[in-house]
Student: 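Structure provided below as structure tokens; questions to follow.
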Number of protein chains: 2
Amino acid sequence: MSKQFISIKELALALNLSTSTVSRAFRNKDDIHPDTKKLILEKAKELGYYPNIYASNLRNSKSRTIAVIMPELANNFFSLAVKGIERVAQLNGYHTLIYVTDSLYEKEVEIIEDLYNGRVEGIIMSASGEGNDHRYINKLKSKNIPLVFFDRVYDDTDYPKVTTDDYESCFKAADYLLDNGCKTLAFLVIDKNVSIGNARMKGFEDACAKHNLPEDNALIIDCSNDFDESSSRIRQLLKTRKIDAIIASVERLAVAAYTVCLNENIKIPEDIKLISYSNLSIAHLLNPPLSTIAQPAENLGVNAAEILFDILKGLEPTNKNVILKSDIIQRKSTQFFR
Amino acid sequence: MSKQFISIKELALALNLSTSTVSRAFRNKDDIHPDTKKLILEKAKELGYYPNIYASNLRNSKSRTIAVIMPELANNFFSLAVKGIERVAQLNGYHTLIYVTDSLYEKEVEIIEDLYNGRVEGIIMSASGEGNDHRYINKLKSKNIPLVFFDRVYDDTDYPKVTTDDYESCFKAADYLLDNGCKTLAFLVIDKNVSIGNARMKGFEDACAKHNLPEDNALIIDCSNDFDESSSRIRQLLKTRKIDAIIASVERLAVAAYTVCLNENIKIPEDIKLISYSNLSIAHLLNPPLSTIAQPAENLGVNAAEILFDILKGLEPTNKNVILKSDIIQRKSTQFFR
DNA sequence: CTGTTAGCGCTTTCAA
DNA sequence: TTGAAAGCGCTAACAG
């Protein structure tokens, strides 16, 4: 069996050239005669030579690799975001490592610490924790590893952030429901302490305050990532009180709410309105069609990646705090009848 | 500003030890005195030393990295599969690179060729092309880079494959519809030449044959990844013929079919039955609830990853052709009335 | 335009 | 149990 990899030395030998000349053939400078370059490239192909990237990374301390760290992946929002990131990375000739934390803060810490060694040139992250101690992230600075947040951010860090207008979109959604006569609203949230949960909740609260809704009619319902747990919370709520409308801060909770309403024979939108943050492409096919606050997920990823590559190219990003607009799409689940 | 990374040399110097001793402290062998090891580890922490992985990769030709290559990512099936793969990789202490081809065969070739240099120790792939010329894949063998296919495979290669029972599940689905009296069936497919499209189509055809359906009543409809194109194909079909049931070979086509039926006021399941391969977790919330053939997506990823890691550990996989069962879940979209 | 040479940071014999 | 030394494959400064 032939050798697994041939080295630059062997290629040089086969061509009766020095390794440096051969090396030059693989870079885009004009410090080599075109004919020589051609010769080398041909021979390389013939012999199946590929530069060993680990040797070259070692020399240059450049890995042409970035990392994406996020709470979950199997989900419309995150998979779209990663798609956007990966595309930009490919365009820049970079490779993309992904890491899923399963929403576990400790895993996030572990993963970041595993990147201190210079495996990647930069990191794009959606945060998994509320976390107060962000030293493990700030330590990246001393290693010159830039980081860009998207969607779920740590507000107390000064890394660039790409988010959506969480406060405004939720305010608008609630405002709309209240304008149309809803008197009791419930806001379903998974974690009030994470950036987006908090911003959305504030938007909700402020809209309710604007309409002078008694606090008891503006309910914040703490749910979780567990479907059954959230469902039973919601079921209990709907059984004990008449709620006019629900705003779900994440898609998963809208699904739980739908399912509860279906089982309990509560009619959407007749008995209750429902709107949710969601990137479902088939919201219009649900029963009833779901009103959504749709984040530009892929674009969020693209923007975050572009900022990161700007930094890697040595450019200061013009805007370290990009806020993209979400689309509120009213469908039948928030229809009013007069 | 302090140095970005400190090297083993500097750490050794600080401890008045040799680099080889320091190096030993970071491996799990008993060729170093426990006390010395402890001392080194402590000092390393204090000084923020992390072994440079590129130097160590170079020495060992081991990158502890695998690649996942797939046609798309923003999709329930693939994001679940990747989730499974990434989890197994993390458990094995490996890193996961992802590459999305956008269903472009040429991109797949490019990506694979970019991995000839040894960047990864192994590859897990769902194929993007029908492709006849798979030399670029077989070339991985000479580089000792193992590959495992999942879902979309190249049948003419002898790499391990993890797939689902595409033929059987589609046969069963068609059989069920025919048993219940459907006389004209349409099978929506994107590419008859890719492994899964083909296997599913064969299952469909054989079921129709079993029921002696005239060929003209067992329609194969060529669709595409483009929503509008597929929709208009389906619309045309439904306008020109009375179809009793549709089997969609991928989720995307079911969505198109739903939308067409909605727009054309064709009632599911009264006017037409619909069943689709799909990993939608909310199939039961659609209008009407969608009958699905659900592949164990995450498990597919886990199995493929486990086979790859077996190979990397030097074990011959016991089964080079794993076939997992899909779940056929009948919901309202295939309900019959008597 | 090409070659010589040193060295990136680490690991692993081999010798002590 | 530790250290000395060679070398993984590549690149870049320098000399020619």
Side-chain angles (χ1 to χ4, degrees), chain A residues 3-41 43-44 47-65 114-121 143-144, chain B residues 3-41 43-44 47-65 114-121 143-144:
Chain A
K3 283 201 31 193
Q4 199 175 325
F5 295 105
I6 87 156
S7 77
I8 199 171
K9 227 173 179 172
E10 295 166 274
L11 180 56
L13 198 70
L15 284 157
N16 233 300
L17 285 170
S18 75
T19 59
S20 39
T21 306
V22 173
S23 177
R24 283 189 262 263
F26 290 91
R27 241 150 298 111
N28 280 341
K29 292 198 200 162
D30 49 2
D31 54 356
I32 182 173
H33 192 101
D35 292 352
T36 322
K37 180 166 179 172
K38 199 168 144 240
L39 223 62
I40 295 174
L41 260 22
K43 197 75 178 175
L47 264 43
Y49 166 76
Y50 299 90
N52 179 313
I53 54 155
Y54 291 106
S56 120
N57 287 349
L58 176 58
R59 265 304 306 228
N60 305 321
S61 34
K62 284 233 174 198
S63 62
R64 297 195 80 74
T65 306
D114 195 16
L115 295 176
Y116 286 161
N117 58 21
R119 182 180 286 271
V120 298
E121 290 183 35
K143 317 243 164 259
N144 262 328
Chain B
K3 286 210 18 202
Q4 199 174 328
F5 295 106
I6 88 156
S7 76
I8 199 171
K9 226 174 178 171
E10 296 165 273
L11 180 56
L13 199 68
L15 284 156
N16 234 300
L17 286 170
S18 74
T19 59
S20 33
T21 306
V22 172
S23 176
R24 282 189 261 261
F26 291 91
R27 239 147 298 110
N28 280 339
K29 290 197 200 164
D30 49 3
D31 54 355
I32 182 173
H33 193 100
D35 292 352
T36 322
K37 181 166 178 172
K38 196 167 146 244
L39 224 62
I40 296 176
L41 260 23
K43 196 76 178 175
L47 264 42
Y49 166 76
Y50 300 90
N52 179 313
I53 55 156
Y54 292 106
S56 108
N57 288 349
L58 176 57
R59 269 300 308 228
N60 308 319
S61 34
K62 284 235 174 197
S63 61
R64 297 195 79 75
T65 305
D114 196 16
L115 295 177
Y116 285 161
N117 59 20
R119 183 180 285 271
V120 298
E121 290 182 36
K143 317 241 164 262
N144 262 328

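The shown structure was predicted, so the numbers you read here are calculated from the model rather than taken from an experiment. Reckoned from all heavy atoms, side chains included, excluding hydrogens, waters and symmetry mates.
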Student: Using a heavy-atom cut-off of 4.0 Å across all strands, would you classify B:Leu17 as base, sugar-phosphate, or nothing?
Tutor: sugar-phosphate
Student: Using side-chain heavy atoms (C-beta onward) and a distance below 4.5 Å, is A:Ile40 in contact with A:Phe26?
Tutor: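 Yes, side chains in contact.
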Student: May I have the distance from A:Phe26 (atom CZ) to D:dG9 (atom P), rounded to whole angstrom?
Tutor: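 Whole-Å distance recorded here is 15 Å.
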Student: Among the candidates D:dA5, D:dA4, C:dC8, find the nucleotide nearest to the side-chain atoms of A:Arg59.
Tutor: C:dC8
Student: Using whole Å, report how far CG of B:Leu39 lies from P of D:dT2.
Tutor: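 These atoms are roughly 10 Å apart.
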Student: Does B:Thr19 have any side chain to side chain contact (heavy atoms under 4.5 Å, CB included) partners at least two apart in sequence or in another chain, and if so, which?
Tutor: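 By the side chain to side chain contact (heavy atoms under 4.5 Å, CB included) rule, B:Thr19 matches B:Ile8, B:Lys9, B:Ala12.
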Student: Is any side-chain nitrogen or oxygen of B:Thr36 closer than 4.0 Å to OP1 or OP2 of D:dT2?
Tutor: yes
Student: Using a distance-only criterion (donor-acceptor N/O pair, under 3.5 Å, no hydrogens), is the base of C:dT4 paired with the side chain of A:Ser20?
Tutor: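 By the distance-only test, yes, there is a pair.
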Student: For B:Tyr49, report the nucleic acid contact type (base, sugar-phosphate, nothing); a contact means any heavy atom under 4.0 Å.
Tutor: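 Sugar-phosphate, no base atom in range.
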Student: Taking donor-acceptor contacts at under 3.5 Å, does the side chain of B:Arg24 reach the base of D:dG3?
Tutor: yes
Student: Between B:Thr21 and B:Leu58, which residue's closest nucleotide on DNA chain C lies nearer the 5′ terminus?
Tutor: B:Leu58
Student: Could you state the NZ-P distance from A:Lys29 to D:dC10, rounded to the nearest angstrom?
Tutor: 17 Å
Student: To the nearest Å, how far apart are B:Ile32 CD1 and C:dT11 P?
Tutor: 12 Å
Student: Given D:dT1, D:dG3, D:dA12, which nucleotide is nearest the side-chain atoms of A:Arg27?
Tutor: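 Of the candidates, D:dA12 comes closest.
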Student: Going by the ring-ring contact (aromatic ring centres under 6.0 Å, His included) test, name the single residue among B:Tyr49, B:Phe5, B:Tyr50 that passes it with A:Tyr116.
Tutor: B:Tyr50
Student: Using whole Å, what does the distance between atom C1' of nucleotide C:dT11 and atom CG of B:Asn52 come to?
Tutor: 13 Å
Student: For A:Asp30, which contact category applies under a 4.0 Å heavy-atom criterion: base, sugar-phosphate, or nothing?
Tutor: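 Sugar-phosphate only.
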Student: Can you check the B:Lys9 NZ to D:dG3 P distance for me, whole Å?
Tutor: 16 Å
Student: May I ask you to say what B:Ser56 touches in the nucleic acid, namely base, sugar-phosphate or nothing, with a heavy-atom cut-off under 4.0 Å?
Tutor: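 Since only primed, P, OP1 and OP2 atoms lie under 4.0 Å of B:Ser56, the category is sugar-phosphate.
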Student: Considering only side-chain heavy atoms of A:Asn60, which listed nucleotide, C:dC10, D:dT1, D:dT11, is closest?
Tutor: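 Within the option list, the nearest is D:dT11.
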Student: How close or far is atom C1' of D:dA4 from atom CD1 of B:Ile8, stated in whole angstroms?
Tutor: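 After rounding, the reported distance stands at 14 Å.
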Student: Given C:dC10, is OP1 or OP2 found less than 4.0 Å from the side-chain N or O atoms of B:Thr19?
Tutor: no
Student: Between B:Ser7 and B:Glu10, is there a side-chain heavy-atom distance shorter than 4.5 Å?
Tutor: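 In short, these two side chains touch, coming nearer than 4.5 Å.
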Student: How long is the line joining NZ of A:Lys62 and C1' of C:dG9, in whole Å?
Tutor: 19 Å
Student: Can you pull out every side chain to side chain donor-acceptor pair (under 3.5 Å) where at least one residue sits in residues 24-37 of chain B? Sequence neighbours excluded, please.
Tutor: B:Ser23-B:Arg27, B:His33-B:Asp35
